[in-house]
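Residue numbers begin at 1 in each chain, while the letters A, B, ... track the order of the sequences.
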Amino acid sequence: MNDSLDMRFLAARKKYIEGRFSMLNDMQRQAVLTTEGPLLLLAGAGSGKTTVLINRIANLLRYGHGSEGKEIPDFVTEADVRFLEELSADPSENERVRADGLCALEPVKPWNIIAITFTNKAAGELRDRLETLLGEGAGDIWAMTFHSACCRILRRNIDRMGYTGSFTIYDSSDSERQMKEVLKDMGLDDKTFPPKYVLSVIGRQKDRLISPEEMLENSRGSSDLRLTQIAKAYAAYQKRLKDNNALDFDDILYVTVKLLQQEPEVREYYQRKFQYVLVDEYQDTNHVQYLLTSLLSGHWGNICVVGDDDQSIYRFRGATIENILSFEEQYPGARVIRLEQNYRSTQSILDAANAVIAHNLGRKGKHLWTARQGGAPILVYEASDESSEGNFVAGQILAGSKGRNFKDYAILYRTNAQSNALEYAFKRNGVPYKVIGGTRFFDRAEVKDMLSYLCVINNRTDDLRLARIVNNPPRGLGAKTIETVQRLAEAENKSLYDVLSDPYSYAPLEKSAQKLLQFSALIDGLAKLLEDGMSLPEFYDELLVRTGYADMLSSKPTEENKTRLENVRELKSSIHAYMANTAEPSLAGFLEEIALYTDLEQYSEGDNTVVMMTVHSAKGLEFPHVFLVGFEDGLFPGMRAIGDQEEMEEERRLCYVAITRAKETLTISHARQRMIYGRTSSALPSRFLREIPEECIEKRGGYRAEPQRSMTYEKRSVSSNGYLSGALRANSAPSAPLPDYNKGDMVMHAAFGRGLILSVVKMGGDALLEVAFDDIGTKKLMAKAAGAHMKKL
DNA sequence: CGCACCACAATTTTT
DNA sequence: TTGTGGTGCG
């Protein structure tokens with residue numbers, strides 16, 4: 001082929017590949033087709049970031065670097081060029097196959113791509129969407145979290161680092177318990193050295209790749225005397241973990257990076273393997289994660305990071321916005337593409353978001369826009385206190401939802417503690433809701449207990465987990481006995497299990513020998529079941545029975561124990577889920593999966609209920625209607641942030657995240673006074689409110705004339721003026737008379753429609769109604785609150 | 001060992 | 001106000 005034909009081919013190839021991504025907007029397409037070298041994708045909220053990621057991978061798999069490359073395969077003929085040039089926008093199947101063959105330039109193998117995310121949820125979604133788009137082969141792509149990717153590398157190669165491939169993973173509470181012991185052994189007072197704090201200091205060291213020895217060295221010149229102690233604790237802690245063949249979450253990254261740095265063979269293997277490295281949510285990466293991705297992409301240099309510096313809200317756990325801000329310096333020749341078209345929100349919402357975030361200095365700068373103009377203004381409501389705020393929100397939802405699409409609504413707040421007042425209001429008003437967050441499933445004591453049993457059965461030398469369960473349920477092996485065992489084990493450099501399963505060899509254990517043997521027989525007996533091929537779920541049932549754990553819970557059937565038993569049983573469904581996804585299920589495999597998969601209770605669209613969560617947990621989600629509550633100075637932004645530039649910018653980003661969750665409407669509320677730590681304190685509207693342009697806002701509420709009242713009186717009266725208060729002046733809302741509802745009355749409710757009162761139970765100055773609604777079934781409502789939305793027929 | 005009692009603290013959260 | 005963790009008693 002001659003030069004001009006070459007040019008024609010390149011143009012036609014580019015045009016064809018572009019055509020294959022015609023469903024994307026220009027910027028998105030550019031992001032997909034930019035395959036080579038470092039690429040920073042600044043993806044604004046709602047800009048179709050994941051779509052781009054998926055399509056970018058699809059492009060790599062189908063066309064390799066065809067969209068950018070200048071090479072031309074030898075087999076291309078003039079006829080081929082003409083064919084491509086004349087190809088219609090909507091080719092037939094055959095034409096498409098031929099064109100694909102012509103345009104593909106070293107298509108990438110799935111196993112040469114790694115796409116790293118933060119959460120298991122994100123990784124799972126990525127895998128699902130890849131599979132939908134690409135079919136089977138997608139499974140070979142490394143689409144996983146930082147931690148699971150590192151684990152996979154470590155399982156193969158960690159022996160070079162002084163651990164063995166069957167290492168266990170400590171979660172934060174395991175780490176804390178271990179650290180507590182370390183500090184106690186060192187004779188450090190846990191007031192001056194809170195385990196959590198010590199661990200966080202150590203975590204920062206690991207993030208900077210500083211070893212215990214280096215930290216000790218560094219601490220010598222320091223004015224903070226505690227640092228030397230912490231450095232020593234760091235060394236002792238690491239020794240313990242190594243002795244137990246355990247890694248904590250920070251170690252997983254730290255050791256992987258150390259391994260890749262120290263071992264050229266291992267490094268080169270993975271560097272060659274990963275031709276393309278993609279990193280999602282890059283604004284959330286910390287330093288060690290930067291090092292990891294930079295190492296992995298070290299050979300081919302094809303690193304694509306996707307993120308939004310304006311949505312970086314995890315500084316407190318080590319995320320550094322610097323990674324995104326200095327990407328271009330760290331990767332010379334990097335290209336930057338901004339995705340600013342938003343497909344989620346109305347213009348009013350985006351105007352507000354843009355205006356707020358523009359006040360930040362440390363940012364790359366972006367301006368979100370949407371093709372859909374207009375939209376309802378942002379409603380700003382001033383409530384008298386948190387209870388009236390709750391009633392307002394509940395009322396708005398009832399009025400807007402007509403009792404149907406509760407799942408279209410989300411309530412976002414800065415702190416978890418705020419959910420309480422809202423829950424009360426929602427219960428009073430009969431609005432179904434679900435609170436996301438709080439104690440997670442795998443953090444519950446009973447679940448950890450069962451997992452500890454499984455860990456010990458899987459690995460007898462897991463001292464930490466063994467200590468947890470050896471006397472749970474109580475077996476007469478009290479603290480004293482365990483301490484003795486620990487002392488003996490330490491002296492002989494053996495595991496706890498080694499000692500307690502052989503009590504007659506140790507004089508001090510004579511008294512408890514019988515009980516100790518019973519315990520080790522229990523563990524051995526259970527392990528035998530698995531060896532004999534019992535299935536995991538069956539085995540788990542047996543575990544519940546033989547350990548006496550199930551008995552312990554069911555013998556005292558308190559409400560609490562019932563939920564515990566449920567949780568313990570629920571773990572069995574995790575086992576089933578694991579079995580369903582795994583070719584060769586094993587206890588060890590299950591435990592490994594569980595160790596890195598802790599978020600069983602994340603938000604997923606399920607029931608038709610309103611959801612309540614912190615702004616942090618809402619990141620990445622979207623809802624038609626969003627309520628941002630508690631928008632007050634001191635709460636959002638929090639007290640700690642006021643007067644600290646960096647912190648304030650983080651709060652502002654958080655605010656930006658909150659605003660950009662909304663698709664159709666955003667309602668912001670703040671209360672004039674609020675109960676905090678049992679004290680009522682007054683508050684001013686958030687300073688961020690003033691950063692939202694006036695013309696985006698419609699104000700409501702306002703309680704200037706609200707008289708001071710006694711607590712109880714206040715609580716009851718606000719519910720009556722809750723959502724109607726925009727219309728009713730506060731002064732004209734005296735104590736609401738209890739509406740006269742009787743059993744058998746027909747009522748019409750604003751949201752739930754027609755209903756029949758089944759029962760009336762007087763409660764204080766109020767009454768609990770049970771109402772059978774024609775459309776949605778029976779509901780329990782408080783008469784006073786519900787009265788605002790309901791009339792007798 | 002289990003329970004009651006008191007002191008104390010208290011953003012945000014994933015792995 | 002709420003929840004947790006530690007201590008001391010029966």
Side-chain angles (χ1 to χ4, degrees), chain A residues 116-123 144-151 169-177 180 184 190-191 194-196 200 203 206-207 247-254 256 281 284-286 288-289 312-319 386 412-421 423-424 436-440 442-443 445 471-481 552 556 592-602 613-620 630 634-642 644 647 650-651 653-655 657-658 674-681 711:
Chain A
I116 310 178
T117 64
F118 262 82
T119 63
N120 292 302
K121 192 178 164 206
M144 47 181 93
T145 65
F146 273 100
H147 291 264
S148 43
C150 287
C151 262
I169 298 163
Y170 280 2
D171 68 16
S172 348
S173 65
D174 294 331
S175 304
E176 224 173 288
R177 254 154 15 100
K180 255 186 203 169
K184 208 171 142 197
D190 55 2
K191 287 274 168 350
K196 272 214 185 84
S200 79
K206 289 179 180 171
D207 184 37
L247 301 184
D248 68 18
F249 287 137
D250 296 328
D251 287 335
I252 291 174
L253 298 163
Y254 173 85
T256 307
E281 305 280 14
D284 289 338
T285 50
N286 60 22
V288 71
Q289 284 160 337
S312 167
I313 55 173
Y314 286 111
R315 201 169 82 111
F316 67 93
R317 63 179 200 215
E386 71 273 10
L412 308 184
Y413 34 76
R414 176 69 243 265
T415 68
N416 284 118
Q418 290 169 256
S419 74
N420 252 323
E423 287 188 68
Y424 284 130
I436 309 293
T439 328
R440 289 188 306 278
F442 289 103
D443 283 346
N471 198 35
N472 183 6
R475 305 187 170 87
L477 296 169
K480 238 184 0 209
T481 317
M552 177 178 71
K556 239 202 309 174
E592 160 151 25
E593 184 164 293
I594 248 50
L596 291 175
Y597 198 95
T598 50
D599 56 349
L600 205 75
E601 281 205 318
Q602 292 248 324
M613 65 182 97
T614 62
V615 180
H616 279 93
S617 357
K619 203 183 90 173
L635 190 58
F636 195 176
M639 214 50 178
R640 287 170 184 72
I642 292 172
D644 179 328
E647 281 293 309
E650 174 112 342
E651 295 281 311
R653 290 192 290 268
L654 197 53
C655 177
V657 167
R674 178 178 300 273
M675 190 92 95
I676 295 169
Y677 305 149
R679 238 175 253 291
T680 305
S681 46
M711 275 297 297

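Atom P of nucleotide dT12(B) and atom CD1 of I313(A) are separated by 13 Å, given to the nearest angstrom. When the C1' atom of dT15(B) is taken as reference, atom NZ of K206(A) falls 13 Å away, rounded to whole Å. Note: NZ (K619(A)) to C1' (dT13(B)) measures 11 Å, nearest angstrom. Between the P atom of dT12(B) and the CZ atom of F316(A) lies a distance of 8 Å, rounded to the nearest Å. K196(A) has its NZ atom 11 Å from the P atom of dT4(C), to the nearest Å. Atom NZ of K191(A) is separated from atom P of dC8(B) by 8 Å (rounded to the nearest Å). Nucleotide dT14(B) holds its P atom 17 Å from the CD1 atom of I169(A), rounded to whole Å. Atom P of nucleotide dG3(C) and atom CE of M675(A) are separated by 14 Å, given to the nearest angstrom.
Residue N416(A) has a polar side-chain atom (N or O) positioned under 4.0 Å from OP1 or OP2 of dT13(B). Contact check, T415(A) against dA10(B): no side-chain N or O comes under 4.0 Å of OP1 or OP2. At least one side-chain nitrogen or oxygen of S617(A) sits closer than 4.0 Å to the OP1 or OP2 atom of dT13(B). Residue Y677(A) places at least one side-chain N or O under 4.0 Å from the OP1 or OP2 atom of dT11(B). Of the side-chain N and O atoms in N420(A), none sit less than 4.0 angstrom from OP1 or OP2 of dT2(C).
R679(A) comes within 4.0 angstrom of no nucleic acid atom, judged by non-hydrogen atoms across all strands. Using a 4.0 Å heavy-atom criterion, one finds that F118(A) contacts the sugar-phosphate atoms exclusively. Among the atoms of the strands shown, only primed sugar atoms or phosphate atoms (P, OP1, OP2) are found under 4.0 Å from some heavy atom of K180(A). Contacts of E651(A) with the nucleic acid, taken as non-hydrogen atoms under 4.0 Å apart, include base atoms. As judged by a 4.0 angstrom heavy-atom cut-off over every strand, F146(A) is placed among residues making no nucleic acid contact.
Side-chain atoms of T614(A) and I436(A), non-hydrogen and from C-beta on, never get closer than 4.5 Å to each other.
Looking at the side chain of L596(A), the nearest of the listed nucleotides dT1(C), dT15(B), dT2(C) is dT15(B).
Heavy-atom nearest nucleotides on DNA chain B were determined for P474(A) and for R414(A), and the one closer to the 5' end corresponds to P474(A). For the pair L477(A) and R640(A), nearest-nucleotide mapping onto DNA chain B gives the more 5' position to L477(A).
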Inset, instruction - Let me see the working for K206(A) and D248(A) under side-chain contact (heavy atoms from CB on, under 4.5 Å), right down to the final yes or no. - result: CA-CA 11 Å; K206(A) 289 179 180 171; D248(A) 68 18; 3.0 Å; yes
Inset, instruction - Determine, stepwise, if the pair T117(A) / E281(A) fulfils side-chain contact (heavy atoms from CB on, under 4.5 Å). - result: CA-CA 7 Å; T117(A) 64; E281(A) 305 280 14; over 6 Å; no
Inset, instruction - Could you please spell out the steps behind the side-chain contact (heavy atoms from CB on, under 4.5 Å) verdict for Q418(A) and E386(A)? - result: CA-CA 8 Å; Q418(A) 290 169 256; E386(A) 71 273 10; over 6 Å; no
Legend entry - Derivation and outcome, side-chain contact (heavy atoms from CB on, under 4.5 Å), residues M613(A) and L412(A): CA-CA 5 Å; M613(A) 65 182 97; L412(A) 308 184; 3.8 Å; yes
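Spacing of C1' atoms, dT11(B) relative to dG6(C), comes out at 25 Å, to the nearest Å. Comparing the P positions of dG5(C) and dT12(B) gives a spacing of 16 Å, expressed to the nearest Å.
Residues passing the side chain to side chain donor-acceptor pair (under 3.5 Å) test with D443(A), sequence neighbours excluded: R440(A).
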Report all interatomic pairs (protein N or O, nucleotide N or O of nucleotides 5-7 of chain B) with separations under 3.5 Å.
none

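F316(A) has its ring centre less than 6.0 Å from the ring centre of H616(A).
Remark: the S172(A) side chain and the dT15(B) base include a donor-acceptor N/O pair separated by less than 3.5 Å.
With 3.5 Å as the limit, one finds a donor-acceptor pair spanning the side chains of T145(A) and S148(A).
Summarising the local packing, CZ of F249(A) is surrounded by more than 12 heavy atoms from other residues, nucleotides or ligands at distances under 6.0 Å.
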